[in-house]
Structures are given as structure tokens and as C-alpha cells.
Amino acid sequence: MLPPDRSPSRRSDVSPFIAMDVMSAAFDRIAKGERIIRMEIGEPGASAPKPVLDAARAALDAGRIGYTEALGSRALRQRIAQYYADTHGIEVPASRIAITTGSSAGFNLAFLAAFDAGDRVAIASPGYPAYRNILGALGLEVVEIETSAETRHAITPEMLERVHAEKPLAGILIASPGNPTGTMMTPDALAALIRASDELGIRFISDEIYHGLVYDGVAETALKTSDRAIVINSFSKYYCMTGWRIGWMVLPEILVRPIERIAQSLYISAPDLSQRAALAAFDATDELEIIKAGYAANRKLLLEKLPKIGFDDYFPVDGAFYIYASVRRFSNDSADFAQKMLAEAGISATPGADFDRIHGPAHIRFSFAGATTEIAEAAERLENWLA
Ligand SMILES: Cc1ncc(COP(=O)(O)O)c(C=O)c1O
């Protein structure tokens, strides 16, 4: 007789990523033949642009797909450096760029290279759940800073100083445009927060994954203000390459070799095929801007329809492809509301508890990255269901 099996580690006891669980629930229904309009995951409905697909086909035809250096192919790193020169007018040496398996790997690498177990890292609430879950799994202390409409849902230098004075922080991570809110920091507010972090010796991490998807305002890169910031970005959103699992980081000099060493052993290299395909993504702007115009149309449609249906309290949708709205007119439990909406209206969306453990149950996140016809149908279904 064997003794009872060992328990999983304590650090594996992180919250589920609820959006992914809702996606599974939607797939269960789709497998049974139901037609579900999927608005739970932040994933472009469009395929990768043609130049990317052509580059991938050419790479396959050419034969061998291998490992690359852990920091990524030199050609792609060089191309990303060029992107910063073209788009932001700043010189970033390719040697400070690392290619990762999506920005998700970038967070793991950044947290491992920049912090030790027990270090405190601040994030905004509401915010992207994986930050909290990865930090927790790595044994870091997550310091959630509650934000409000007063500061446009951003962490301010004063908030940072206050939290740091209570007990020192090692890092802060922000996203602008953010998820689930889509709200952006102004370039001045972002620069002020980065300067405050640098002055306090707090490592600033900027998740710039929704750059390129901006409807109102300007998305500035943290690199404009500081070369100490870690910038994390991805081909998943603007470039429509979620499933290719490819992203990048721009690193301060001091973290390049540590990240390289950890990446070598953590996953060796990002997929070569995806790296070769991503090289062409920067030449697909015409196609990508058409896709973005579709999101803008979806945004307009939802911002017209949702308030009339009763979702009249939502965060400013400056960028990304989400509407984070209050469900207070219908329910005080958005998880229950989302379940009923899936079962009765055939629409999947993510309850706010994924993003905010305190106020989340009052909110729901709709992703509008699908086709406009589907989004229009979703609005109609919602209207009928809630009538
Ligand atoms: C704010 C934010 N950061 C990072 C990610 C992870 O994206 P990926 O790993 O595909 O680059 C997401 C995905 O939804 C996100 O919303």
C-alpha cells in the first residue's frame, strides 16, 4: 500500500485565470452544437496578416526549423530595434531586445531576473490577472493598488511613494492601455510615475502589449523616459498572432545576461517558425490598420448600444478591445450573471473577479475583437435577453 500522494506545492495554489475557464465553458457548449458569441478572451478574430503567413510558408518550404539563440534571432531583434526608431524615434540597441514565447514568458523572465522571492511588486487593481498569479507562483508579494476614476484608474507617484513608505517595493508593473479597462495613462502621467520609480529605486515594468490599438490619446513607451524600465510587448494583439506565442522585451543593460541565462534553461528559445513569421509583421501595417478599424467600429457600436441596454457605467475605452462595465442594474454577482448570459443569451464574457477581487463582482468585461457582424448580433441578443 502506497502512502497518500504528495500534495501539490503551496505556491501552485494560485487563482484560476477565470477568462480561460469561461472560454472552456464556451467550448463545451460549442461542442454540443450551440452558437456562442465569444467575448471572453482578448483575442483578435482575424488571422495573422498575409505577409506573416507567407513568411511562415516560406520558412517551412526552406526546410529546417531549429533553435535560435535564447534571446532570439538577430534579424528579428534588429527589426524590433528599427520599429522603435520608426514609431517612437528612439534608439534601442538590438542587444537589449529579447524575443520571448509571448509576453507571458516575458513576465516570468522579468520577475525571475529582477526580483527575489519575498520581494514586493505593485500592480494596479483592476488589472490583468496573470500578473498576480505569476508573481504569487514565484513567491513574490503582490501589492495591489486600488485605482479610481479620480486618477483615470492609474497609479500616481503619490500612491507609489505612500505604499513604498509603508514597506519598500522592489518593482511596479503597469499596462497602458490596460486590461480589463482599456484605459490609458497620459504620456505625462506615465513619465512622472517612471521617474518616481527610478528615484525610489523601484524597477518599472511596462506592459505595452496594447500599443497600436489606441482610439483616443497617445500610447507612449516607457523607454522614452527611462532606460532602466523593462518593456514587455507581444505580437499577440495588434499583430493578430496569439497562437504563435511570440513577444519581446526591451531590457536595461544589467538584466540582459541574467534574462539570457534564465531563458536558455527555461525554454531554450522562442519558436523559430514564429520568429521568422513575426519578422514580416512590421510590413503588414495596411492589413492590420483595416483590422483595427473593425475594432473601432465595434467599439462605437457597443458604446452606443450598451448604455441603452443598461451597461451605462464603464471605464474609459481609450485603447485595447475591452469594455469593462458595471452590471449593477442587473446583478450584484457578475460571475452568476456571466453564467446565465452564456446559458441563456449564448454570449461568453469574463466576470470582473478575474481582474479585481474586491470590486470585480460588480463588473464584467466584454472583449470586442471579433467580427463587427458578431458584435452587432451580441448587442441584439443582450437587448432581447435583458428586456
Ligand atoms: C495586459 C496583457 N498582458 C499580457 C497578455 C499576454 O499575452 P501574450 O502572452 O499572448 O503575449 C495579455 C493577454 O490577454 C494581456 O491582456
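Note that ligands are numbered from 1 as they come in the structure, with each ligand's atoms numbered from 1 the same way.
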**Q.** Closest protein heavy atom (residue, atom, distance) for atom 10 (O) of ligand 1
**A.** S236 OG, 2.6 Å

Q. Contact between I209 and ligand 1, counting heavy atoms under 4.0 Å?
A. yes

(Q) Are F315 and H153, when compared by the centres of their aromatic rings, separated by less than 6.0 Å? (A) yes

Q) What is the closest protein heavy atom to atom 2 (C) of ligand 1, and at what distance does it sit? A) D207 OD2, 3.4 Å

**Q.** For N179, the ligand 1 atoms whose distance to one of its heavy atoms is below 4.0 Å
**A.** 1 (C), 15 (C), 16 (O)

Q.
Are F282 and Y239 an aromatic pair, judged by ring center distance below 6.0 Å?
A. yes

Q) Under a 4.0 Å N-O cut-off, is there an ion pair linking D333 with K340? A) no

Q.
At less than 4.0 angstrom from any non-hydrogen atom of Y131, what atoms of ligand 1 do you find?
A. 1 (C)

Q: Determine the interplanar angle of the W385 and F337 rings, folded into 0 to 90°, and report it as parallel if under 30°, tilted if 30 to 60°, perpendicular if over 60°.
A: tilted

Q.
Suppose we call two aromatic rings close when their centres sit under 6.0 Å apart. Are F311 and F330 close by that rule?
A. yes

Q. Which one of K237, E208, M241, R245 has a non-hydrogen atom at the shortest distance from atom 14 (O) of ligand 1?
A. K237

Q) Which heavy atom of the protein is the closest neighbour of atom 4 (C) of ligand 1, given with residue, atom name and distance? A) S103 OG, 3.1 Å

Q) Can you tell which part of F17 has a heavy atom less than 4.0 Å from ligand 1: side chain, backbone, both or neither? A) neither

Q. For the residue pair F368 and Y322, is the inter-centroid distance of their aromatic rings smaller than 6.0 Å?
A. no

Q.
Taking Y210 as the starting point, is it possible to reach W248 by hopping between hydrophobic residues whose side chains are less than 4.5 Å apart?
A. yes

Q | ligand 1 contacted by E43 (non-hydrogen, < 4.0 Å) | A | no

Q: Assess whether side chain to side chain donor-acceptor pair (under 3.5 Å) is satisfied between D86 and Q82, documenting all intermediate values.
A: CA-CA 6 Å; D86 297 343; Q82 187 61 47; 2.9 Å; yes

Q. Taking only heavy atoms of G102, which atoms of ligand 1 are found under 4.0 Å from at least one of them?
A. 9 (O), 11 (O)

Q. Is ligand 1 under 4.0 Å from a heavy atom in the side chain of Y210, in the backbone, in both, or in neither?
A. side chain

Q.
Between the side chains of R74 and E69, is the shortest nitrogen-to-carboxylate-oxygen separation below 4.0 Å, so that they form an ion pair?
A. yes

**Q.** Under 4.0 Å to a heavy atom of S234 - the qualifying atoms of ligand 1, by number
**A.** 8 (P), 11 (O)

Q. So which heavy atom in the protein is nearest atom 9 (O) of ligand 1, and how far is it from that ligand atom?
A. S104 OG, 2.5 Å

Q: Report the part of A175 in contact with ligand 1, treating N, CA, C, O as backbone and CB onward as side chain, heavy atoms under 4.0 Å; options are side chain, backbone, both, neither.
A: neither

